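Below is one structure, written out as structure tokens, with a few remarks after it.
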Number of protein chains: 2
Amino acid sequence: MIDTTTTWTIAQMADDYDVTHRALRHYEHLGLLAPDREGQRRIYHRRERTRLALILRGRRLGFSLEEIATILDMYDDQPGEVGQLRYLLSQIGDRRADLERRRRDIEDSLRELDELEQRCAEDVARLS
Amino acid sequence: MIDTTTTWTIAQMADDYDVTHRALRHYEHLGLLAPDREGQRRIYHRRERTRLALILRGRRLGFSLEEIATILDMYDDQPGEVGQLRYLLSQIGDRRADLERRRRDIEDSLRELDELEQRCAEDVARLS
DNA sequence: CTTGACCTTGGCGTCAACGTCAAGCAGGAT
DNA sequence: ATCCTGCTTGACGTTGACGCCAAGGTCAAG
């Protein structure tokens, strides 16, 4: 069952995901996160955590926060209209192409790394 | 056979790789490229082209130019000393771990994209 | 009531990765 | 001779993604 009751403070979020609270506020400022308020204090629900996880993965993959914003929008509330759905499908296609290109880049890099390692290991063997 | 004679101007490089000459000079300033000179003019050889390709791939993958510099160093002139070789091997390990993490991130993203697309396609089918 | 921990909103600072002039050289075409 | 094209070296500007205070609110513990 999905937990919809637990909430977190900014400090817990920062701690759990290893980001600064400054970063969290920055993401909020850009509209990537929208925590509730309890008086003045931010309170983060489940939704914000999954969004933050997406943000951080996007960052690791080298997306800009602006790109990440459009990605988050894609996952947000599904549109009920066919035109919007078609648009979303095309966006998905774009994203997929992008990711697949990156994957190719990574696999090429890994292959080259393998070669280098092998040459390197041979040299070590020869010299010792 | 490998071409070692052809050379290129900064404009040709910029054109071939779709970067500005400003970027090329920037990479040179950071030591990522080191074209020869013919009088004042920069002339780029084969080596610079492969390096530039590596730089751009690194950028697509979200590496900083500083990280890219260390990657390029790895591929540069193999060290002849065992200590250096061991160090290089450890660096290779680090890089590989990094790349593999990115690959996992990408594959996760692609899977989620697939799910979203499927839900989306079902909605379109239902509505039309 | 004060202290301390934790939070808030500004707002300036910084670093990377270039962009964007400005001013000038060098060599071929008119 | 001058013009144009393509290059050169500065050097200041910009954008993104925060870092880093300052100044103050809130609330439980002592």
Side-chain angles (χ1 to χ4, degrees), chain A residues 6-45 47-49 51-73 95 98 102 105, chain B residues 6-45 48-49 51-73 95 98 101-102 105:
Chain A
T6 319
T7 63
W8 293 265
T9 77
I10 194 170
Q12 291 169 324
M13 293 292 283
D15 204 46
D16 290 353
Y17 289 90
D18 196 31
V19 292
T20 66
H21 64 272
R22 181 66 183 85
L24 289 170
R25 285 184 45 232
H26 186 55
Y27 299 152
E28 181 176 346
H29 184 71
L30 298 184
L32 303 185
L33 295 178
D36 278 0
R37 299 303 170 105
E38 191 173 81
Q40 288 278 71
R41 278 39 182 334
R42 290 167 174 81
I43 54 177
Y44 295 83
H45 294 243
R47 171 171 182 274
E48 308 306 314
R49 288 175 78 87
R51 288 176 75 91
L52 181 53
L54 280 176
I55 293 170
L56 296 180
R57 195 175 65 193
R59 301 254 337 103
R60 286 198 301 273
L61 292 177
F63 289 105
S64 75
L65 293 181
E66 197 175 338
E67 291 172 300
I68 292 173
T70 78
I71 297 176
L72 285 175
D73 283 353
R95 279 272 81 92
D98 189 343
R102 281 162 199 255
D105 279 339
Chain B
T6 319
T7 63
W8 293 266
T9 77
I10 194 170
Q12 291 169 323
M13 293 293 284
D15 204 47
D16 290 352
Y17 288 90
D18 196 31
V19 292
T20 66
H21 64 275
R22 182 65 183 86
L24 289 171
R25 284 185 45 232
H26 186 55
Y27 299 153
E28 181 177 346
H29 183 70
L30 299 184
L32 302 185
L33 295 178
D36 278 0
R37 298 304 170 103
E38 191 172 82
Q40 288 280 70
R41 270 68 180 311
R42 289 168 174 81
I43 55 177
Y44 294 83
H45 293 245
E48 309 307 314
R49 287 175 78 86
R51 288 176 75 91
L52 180 54
L54 280 176
I55 292 169
L56 296 179
R57 194 175 66 191
R59 300 254 339 103
R60 286 198 301 274
L61 292 177
F63 290 105
S64 74
L65 294 182
E66 198 175 336
E67 291 172 302
I68 292 173
T70 78
I71 298 176
L72 285 176
D73 283 352
R95 279 273 80 94
D98 189 343
R101 198 242 178 100
R102 280 162 200 256
D105 279 339

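All values derive from a computational prediction rather than experimental measurement. Below, chain A is the first sequence line, B the second, and so on; all start at residue 1.
For the pair B:Thr9 and D:dC7, the criterion of a side-chain N or O lying under 4.0 Å from OP1 or OP2 is met. When the side-chain nitrogen and oxygen atoms of B:Thr20 are compared with OP1 and OP2 of C:dC18, none of them lie within a distance under 4.0 Å. A close approach under 4.0 Å does occur between a side-chain nitrogen or oxygen of A:Tyr27 and OP1 or OP2 of D:dC18.
Put simply, CZ on B:Arg42 is 17 Å from P on D:dG6, counting in whole angstrom units. At whole-Å resolution of the value, CZ in A:Arg59 and C1' in D:dG16 are 9 Å apart. Nucleotide C:dT8 holds its C1' atom 15 Å from the NE2 atom of A:His29, rounded to whole Å. In this entry the distance linking NE2 of A:His26 with P of D:dG16 reads 9 Å, nearest Å. With rounding to whole Å, B:Gln12 atom CD is found 11 Å from D:dG6 atom C1'. Per the geometry, CD1 belonging to A:Ile68 stands 12 Å off C1' belonging to D:dG16, to the nearest Å. To the nearest angstrom, C1' of C:dC6 lies 14 Å from CG of A:Asp15. For the pair B:Ile55 CD1 and C:dA16 P, the interatomic distance rounds to 17 Å; values are reported in whole Å.
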Nucleotide by nucleotide, nucleotides 20-27 of chain D touches protein heavy atoms under 4.0 Å in the pattern (B base, S sugar-phosphate only, - none) B----BB-
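The closest donor-acceptor contact from the side chain of B:Glu48 to the backbone of B:His45 lies at 3.5 Å or more, if one exists at all. Distance alone, capped at 3.5 Å, places no donor-acceptor pair between the A:Arg49 side chain and the A:Tyr44 backbone.
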One pair to check against side-chain contact (heavy atoms from CB on, under 4.5 Å): B:Arg22 and B:His26. What are the steps and the verdict? CA-CA 6 Å; B:Arg22 182 65 183 86; B:His26 186 55; 3.7 Å; yes
Let me see the working for B:Arg42 and B:Met13 under side-chain contact (heavy atoms from CB on, under 4.5 Å), right down to the final yes or no. CA-CA 11 Å; B:Arg42 289 168 174 81; B:Met13 293 293 284; over 6 Å; no
Show your working on side-chain contact (heavy atoms from CB on, under 4.5 Å) between A:Ile71 and A:Arg95 and close with a plain yes or no. CA-CA 8 Å; A:Ile71 297 176; A:Arg95 279 272 81 92; 3.6 Å; yes
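Against DNA chain D, the stretch residues 60-67 of chain A makes heavy-atom approaches under 4.0 Å through A:Ser64, A:Leu65.
Pairing each heavy atom of B:Leu24 with each of B:Ala14, the nearest pair is CD1-N, 3.8 Å.
Taking the charged nitrogens against the carboxylate oxygens, B:Asp98 and B:Arg101 have no contact shorter than 4.0 Å, which rules out a salt bridge.
The cationic atom of B:Arg102 (NZ for Lys, CZ for Arg) lies less than 6.0 Å from the six-membered ring centre of B:Phe63 and within 45° of the ring axis.
Sorted by first and then second residue, the salt bridge (charged side-chain N to carboxylate O under 4.0 Å, His left out) pairs with a member in residues 60-70 of chain B read A:Asp105-B:Arg60; sequence neighbours excluded.
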